K.L.:
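One structure follows; several queries about it will come next.
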Amino acid sequence: MTILNIHGYQGSPKNSAYTALCDIGCKNIISPSIDYDSEEPDNIIGRLNMLRVEHNVDLVVGTSLGGFYASVLSARHNLPVMLVNPCLLPFLLDLLSQLKIRPLVQLFGELSKIELANVSCIVGNADEVLGDHAFTEKLLGNTRFCRIDGGKHSGSTLPLTEYFTEMLHYYTEVL
């Protein structure tokens with residue numbers, strides 16, 4: 001299985017999700033470095049889509065802002081996606097005010113096409129960056145939506161190894 005891992009704002013390609021995937025034995029992980037400040041949203045999604053095609057990606061993992069782009073890829077291409085504290089409304093954060101708002105809003109509109117059967121999502125109840133994830137749960141909530149008491153924004157505060165193991169089993173056995 002080929003996995004595209006998309007890190008968050010000012011994150012690293014070898015983020016907590018990447019580490020957890022490696023820990024459970026995933027070997028074929030594509031994890032690009034993204035400079036969200038200097039790249040345009042349309043270029044980011046275009047580059048991620050090129051990686052998807054070039055590497056024949058089976059599953060997308062996205063953390064925080066990377067979760068937004070992972071969700072768009074899932075909606076566009078009917079791909080399974082595992083999200084970690086996804087930032088689904090990036091155009092509303094002061095932190096990201098330097099980003100181009102219009103392209104982000106247009107990409108957000110595509111989330112209406114996402115298939116909930118493709119979505120697994122883990123969030124921290126104590127996320128100090130994105131809050132309580134009520135909107136995320138409303139949009140993407142299903143039986144694989146998992147809230148972690150005391151979990152913060154950093155993926156390292158969440159049981160990613162266990163969650164990813166369970167979700168990969170779901171994607172390989174159930175779907």
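On a predicted model such as this, the values are computed, not experimentally measured, just so you know.
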K.L.:
Can you confirm whether Ser120 sits close enough to Tyr163 that some side-chain heavy atom of one is under 4.5 Å from a side-chain heavy atom of the other?
P.N.:
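Yes. Closest side-chain heavy atoms under 4.5 Å.
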K.L.:
Can any side-chain N or O of Asp149 pair as donor or acceptor with the backbone N or O of Asn125 at less than 3.5 Å?
P.N.:
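No, the answer is negative, given that no donor and acceptor are paired below the 3.5 Å cut-off.
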K.L.:
Give me the atom names and distance for the closest heavy-atom approach of Arg47 to Ser33.
P.N.:
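Answer, listing the atom of Arg47 first, then Ser33: NH2-O, 3.0 Å.
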K.L.:
Would you say Glu128's side chain and Lys152's backbone share a donor-acceptor pair under 3.5 angstrom?
P.N.:
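The answer is no, because no donor-acceptor pair under 3.5 Å joins these two groups.
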K.L.:
Let me confirm one number: the CD1-OG distance from Ile34 to Ser12, rounded to the nearest 0.5 Å.
P.N.:
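It is 11.5 Å, given to the nearest 0.5 Å.
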K.L.:
Which word best sums up how the rings of Tyr9 and Tyr36 line up, parallel for under 30°, tilted for 30 to 60°, or perpendicular for over 60°?
P.N.:
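Correct class here is tilted.
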K.L.:
Which atom names give the shortest non-hydrogen contact between Ile148 and Cys146, and what distance separates them?
P.N.:
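Distance-wise, the nearest heavy atoms are CD1-SG, 3.6 Å.
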K.L.:
Only pairs under 3.5 Å count here: list side-chain donor-acceptor contacts from residues 71-79, not counting sequence neighbours, and write none if there are none.
P.N.:
unit_1	atom_1	unit_2	atom_2	d
Ser71	OG	Gly67	O	2.8
Ser74	OG	Leu79	O	2.6
Arg76	NE	Glu110	OE1	2.6
Arg76	NE	Glu110	OE2	3.3
Arg76	NH2	Glu110	OE2	2.9
His77	ND1	Arg52	NH2	3.3
His77	NE2	Asn49	OD1	2.9
Asn78	OD1	Asn118	ND2	2.8

K.L.:
Is any side-chain heavy atom of Ile122 closer than 4.5 Å to a side-chain heavy atom of Leu160?
P.N.:
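Yes, at least one pair of side-chain atoms sits under 4.5 Å.
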K.L.:
Can you name the residues that form a salt bridge (charged side-chain N to carboxylate O under 4.0 Å, His left out) with Glu137, not counting sequence neighbours?
P.N.:
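Residues passing salt bridge (charged side-chain N to carboxylate O under 4.0 Å, His left out) with Glu137: Arg147.
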K.L.:
Start with the C-alpha gap between Cys121 and Thr136, add the side-chain angles, then the distance that decides, and say whether side chain to side chain contact (heavy atoms under 4.5 Å, CB included) holds.
P.N.:
CA-CA 9 Å; Cys121 185; Thr136 302; 4.0 Å; yes
K.L.:
According to a 4.5 Å side-chain heavy-atom criterion applied to Ile, Leu, Val, Met, Phe, Trp and Tyr, with indirect links allowed, do Val123 and Met82 form part of one hydrophobic cluster?
P.N.:
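Cluster IDs for Val123 and Met82 differ.
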K.L.:
Closest heavy-atom contact between Phe108 and Phe135?
P.N.:
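Of all heavy-atom pairs spanning Phe108 and Phe135, the closest is CZ-CZ, 3.8 Å.
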K.L.:
Testing Leu4, Asn5, Ile44, Ile6 one by one against Pro32 for a side-chain contact (heavy atoms from CB on, under 4.5 Å), which residue passes?
P.N.:
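Single side-chain contact (heavy atoms from CB on, under 4.5 Å) partner of Pro32 among Leu4, Asn5, Ile44, Ile6: Leu4.
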K.L.:
What are the two closest heavy atoms between Leu107 and Phe68, and how far apart are they?
P.N.:
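Leu107 and Phe68 have their closest heavy atoms at CB-CZ, 3.7 Å.
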K.L.:
Please lay out, stage by stage, how Leu116 and Leu140 fare under the test side chain to side chain contact (heavy atoms under 4.5 Å, CB included).
P.N.:
CA-CA 6 Å; Leu116 284 183; Leu140 302 177; 4.2 Å; yes
K.L.:
Treating Tyr69 as the side-chain partner and His7 as the backbone partner, does any N or O pair qualify as donor plus acceptor under 3.5 Å?
P.N.:
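Checking the backbone N and O of His7 against the side chain of Tyr69, no donor-acceptor pair under 3.5 Å is found.
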K.L.:
How many angstroms lie between CE in Met1 and SG in Cys26, if you round to the nearest 0.5 Å?
P.N.:
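Nearest 0.5 Å value for the CE-SG distance: 8.0 Å.
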K.L.:
Please name the pair of heavy atoms, one in Val84 and one in Gly155, separated by the smallest distance, quoted to 0.1 Å.
P.N.:
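Minimum heavy-atom contact is CG1-CA, 4.3 Å.
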K.L.:
Within this structure, what is the CG-CD distance for the pair Asn56 and Glu54, rounded to the nearest 0.5 Å?
P.N.:
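So the CG of Asn56 and the CD of Glu54 are separated by 11.0 Å.
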K.L.:
Report the distance from atom CG of Asp127 to atom OG of Ser64, rounding to the nearest 0.5 Å.
P.N.:
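The distance works out to 7.5 Å.
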K.L.:
From Ile30 CD1 over to His55 NE2, what is the distance, rounded to the nearest 0.5 angstrom?
P.N.:
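It comes to 4.0 Å.
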K.L.:
So, do Ser156 and Thr19 sit near enough that their side-chain heavy atoms are less than 4.5 Å apart?
P.N.:
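No, every pair of side-chain atoms sits at 4.5 Å or beyond.
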K.L.:
Return the minimal non-hydrogen interatomic distance between Ala17 and Phe164, and the atom names on each side.
P.N.:
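Heavy-atom minimum between the residues: O-CE1, 3.6 Å.
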K.L.:
One pair to check against side chain to side chain contact (heavy atoms under 4.5 Å, CB included): Phe145 and Val119. What are the steps and the verdict?
P.N.:
CA-CA 8 Å; Phe145 190 92; Val119 178; over 6 Å; no
K.L.:
Atom OG1 in Thr165, atom CG in Leu168: separation rounded to 0.5 Å?
P.N.:
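Answer rounded to 0.5 Å: 7.0 Å.
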